[in-house]
Amino acid sequence: MDKNAFIADLHQRVRDTRPSRWVRFGIVSLIFFLWVAWLGNWWVALLWILLFDIYITGYIPFTWWKKSKSAAVRTVMSWVDAIVYALVLVYFVFTFIGQNYQIPSSSLEKSLLVGDYLWVNKMAYGPRVPFTPVHFPLVQNTFPIINTKSYLDSPQWKYHRLKGLGSVQRGDIVVFNFPAGDTVAVKIQNPDYYTLSKMYGRENILANPQTFGEVIYRPVDRRENYVKRAVGLPGERLKIVDGVIYINGEPIEQPENVQFNYYYQLKEGVFTPERWDELGISADDRHQVPVTEEDVPALRQLGFTVRPDGTVPTVYASPLTGEMVSRLEASPDVAKVMKVPASQDEYLFPDGVSDSWTRADYGEIWIPAKGATLRLTPKAWEIYGRAIRDYEGNPSATLRDGKVYIDGEPVDNYTFKMDYYFMMGDNRDNSLDSRYWGFVPEDHIVGRPERVLISFDKDKSLFNGGIRWDRILRDANSD
């Protein structure tokens, strides 16, 4: 087709387009250009030519199947067409507006419960442009059953966040990509790879794929989603004393539903499932404490009941809120309620600095802020080296002979490119959080949970209390 014939054909196709289709094209074009302006990349506007062809000119035969003589082809392709459109819509909604998220663990109980399905608002802090734009929108990183990656490693785009409605505030419950999830042993993902390395050694993990599985790298947006509460913001100094969080030397208010582990004991008898349900203790948290003969003198001294024959009524351990503790202490048949003392933990962050810390007495530690400059001492490297090397894109950064080198050159100071956050669970003694794996970089932030869509209690049948009706559409970020 020569140039004049093409122009004539183009004019004819434009004239033949129905007014209703022009209206749809106009609406779609308006939405598209608003999205391009929000994206801030006008090269993407070139895709409007594709939209023009889809709605107006029809040179690309996307709907070839509608002219097929085979009814089976038309039926199958109509379903394929509908599914593709739905997936494209889901892709854009999940990427730029929000998506659902399931609470998998008890780290935020009683603020959010295991079995809560949340709507996560990605516009709250500004949606990220995908690091891996070619991905299947309904799974995070792996197709179920076939166990293959649900994304392509290339192309990969640099971190860019669109303008949002606000920024992360202290006390916000936040969904983010797990920072320590960049490297994964696919057969054992809990604990994370770095904790496994401390436990078994990297060489042992790599040498035993039959036990640990293949060790793979995941881009930022394909790492597992975690949900915690932001307790420390960029540039602040954080310390925990007896479970109370101090920011820049001042204690901050605890969340209403913050929990700590407690021992408790009835004077006689045992806790029934009904009483546990009434108190709000889930089946997974109803632990009996083993007591040996050697433990009896210490238990008696602490005020626990010891029978004349030296036997001890059952001692239990569970995470409890302050309100739950008050209810137990007010019960006349309860012999003792005592907070479980925290012990030293070899897996606390950062290695080599936290040796004398516990999860209840932690820090003090400074949280990096964008534009802030840090003097690079060996101790500073122990705390911030991973952030500088892995999160900030300096793979060559290393400590050698007491000196930090980046790109082979010795450096005395480093200026951070991103803001960082300190995240913790409300179930303080049962939460693997920033105390164990460190800071959350801003490029890992996904969004803010807004509503509980629905909630299921896994300890009950579907038609016998399995659906928590009182939680449907509840504010997921009220505390």
Side-chain angles (χ1 to χ4, degrees), residues 103-116 118 170-174 226-232 240-247 251-266 271-289 302-304 314-342 358-362 422-435 449 452 455-460 465 468-471 474-479:
I103 295 293
S105 71
S106 63
S107 67
L108 276 169
E109 297 223 2
K110 302 291 184 188
S111 302
L112 295 175
L113 307 181
V114 174
D116 280 353
L118 310 176
R170 186 180 347 277
D172 281 1
I173 294 176
V174 180
Y226 271 38
V227 58
K228 307 287 181 187
R229 191 181 296 277
V231 298
I240 305 173
V241 180
D242 194 24
V244 177
I245 299 171
Y246 287 74
I247 298 295
I252 63 173
E253 184 178 358
Q254 300 275 40
E256 178 183 357
N257 291 312
V258 69
Q259 294 189 111
F260 297 95
N261 287 346
Y262 281 83
Y263 295 127
Y264 53 99
Q265 179 198 48
L266 295 176
F271 268 81
T272 62
E274 293 75 20
R275 186 165 184 180
W276 264 316
D277 284 342
E278 179 187 2
L279 194 59
I281 299 176
S282 66
D284 289 343
D285 291 330
R286 303 167 185 177
H287 304 295
Q288 294 188 17
V289 179
L302 289 170
F304 288 90
T314 305
V315 177
Y316 300 95
S318 299
L320 304 174
T321 65
E323 187 268 340
M324 294 161 72
V325 171
S326 298
R327 287 169 60 189
L328 280 174
E329 291 177 336
S331 298
D333 61 340
V334 173
K336 181 71 175 179
V337 182
M338 188 187 85
K339 195 174 185 180
V340 177
T358 70
R359 62 174 180 255
D361 292 284
Y362 181 94
F422 202 91
M423 305 285 189
M424 289 176 59
D426 291 353
N427 193 355
R428 293 287 168 77
D429 295 333
N430 301 281
S431 173
L432 292 175
D433 48 39
S434 285
R435 293 171 293 178
V452 178
S455 183
F456 296 99
D457 188 338
K458 67 180 181 61
D459 297 328
K460 298 179 181 179
R468 303 184 183 107
W469 297 102
D470 61 328
R471 294 191 63 78
R474 176 179 288 193
D475 188 347
N477 232 307
S478 59
D479 190 7

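By convention here, the first residue in the shown sequence is residue 1.
Ser282 and Asp459 get closest at one heavy-atom pair: CB-OD2, 4.1 Å. What you find for Tyr362 and Ser434 is that their closest heavy atoms are OH-O, 4.0 Å. Residues Ala317 and Val289 share a closest heavy-atom pair of CB-CG2, 3.8 Å. Residues Ser107 and Lys228 share a closest heavy-atom pair of OG-NZ, 3.0 Å. Between Tyr226 and Leu432, the shortest heavy-atom distance links the atoms CE2-O, 4.5 Å. The two residues Asn427 and Ser106 make their nearest non-hydrogen contact at ND2-O, 3.0 Å.
Ion pair Asp284/Lys458 flagged as a salt bridge, since at least one NZ, NE, NH1 or NH2 atom sits closer than 4.0 Å to an Asp/Glu carboxylate oxygen.
In this structure Arg435 satisfies the salt bridge (charged side-chain N to carboxylate O under 4.0 Å, His left out) test together with Asp433, sequence neighbours excluded. Asp277 meets the side chain to side chain contact (heavy atoms under 4.5 Å, CB included) test with Arg286; sequence neighbours excluded. For Thr321, the side chain to side chain contact (heavy atoms under 4.5 Å, CB included) criterion is met by Lys110, Gln259, Glu323, Met324, not counting sequence neighbours.
Ring-plane geometry between Phe271 and Trp276 is classed as parallel, the angle between the planes falling under 30 degrees on a 0 to 90 degree scale with a further cut at 60.
Not one N or O on the side chain of Asp426 forms a donor-acceptor pair closer than 3.5 Å with the backbone of Ser111. Counting only distance, with no hydrogens or angles, the side chain of Asp333 and the backbone of Leu266 share no donor-acceptor pair below 3.5 Å. Side-chain N or O atoms of Arg229 include none that pairs as donor or acceptor with a backbone N or O of Met424 at under 3.5 Å. Using a distance-only test at 3.5 Å, with no hydrogens or angles considered, no donor-acceptor pair links the side chain of Asp361 to the main chain of Thr358. Between the side chain of Asp429 and the backbone N or O of Phe260 there is no donor-acceptor pair closer than 3.5 Å.
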Please test Ile245 against Arg428 for side-chain contact (heavy atoms from CB on, under 4.5 Å), starting from the C-alpha separation and ending with a verdict.
-> CA-CA 11 Å; Ile245 299 171; Arg428 293 287 168 77; 3.7 Å; yes

Apply side-chain contact (heavy atoms from CB on, under 4.5 Å) to the pair Arg468 and Asp116, showing each step before the final yes or no.
-> CA-CA 9 Å; Arg468 303 184 183 107; Asp116 280 353; 3.9 Å; yes

Residues Tyr316, His287; criterion side-chain contact (heavy atoms from CB on, under 4.5 Å); working and verdict | CA-CA 6 Å; Tyr316 300 95; His287 304 295; over 6 Å; no

Steps toward side-chain contact (heavy atoms from CB on, under 4.5 Å) verdict (Ile173, Val227) | CA-CA 7 Å; Ile173 294 176; Val227 58; 3.4 Å; yes

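Using a 3.5 Å distance cut-off with no hydrogens or angles, the side chains of Asn430 and Asn261 do pair a donor with an acceptor.
Side-chain contact check for Val258 versus Glu253: every heavy-atom pair is 4.5 Å or farther apart. At least one side-chain heavy atom of Ile281 sits under 4.5 Å from a side-chain heavy atom of Tyr264.
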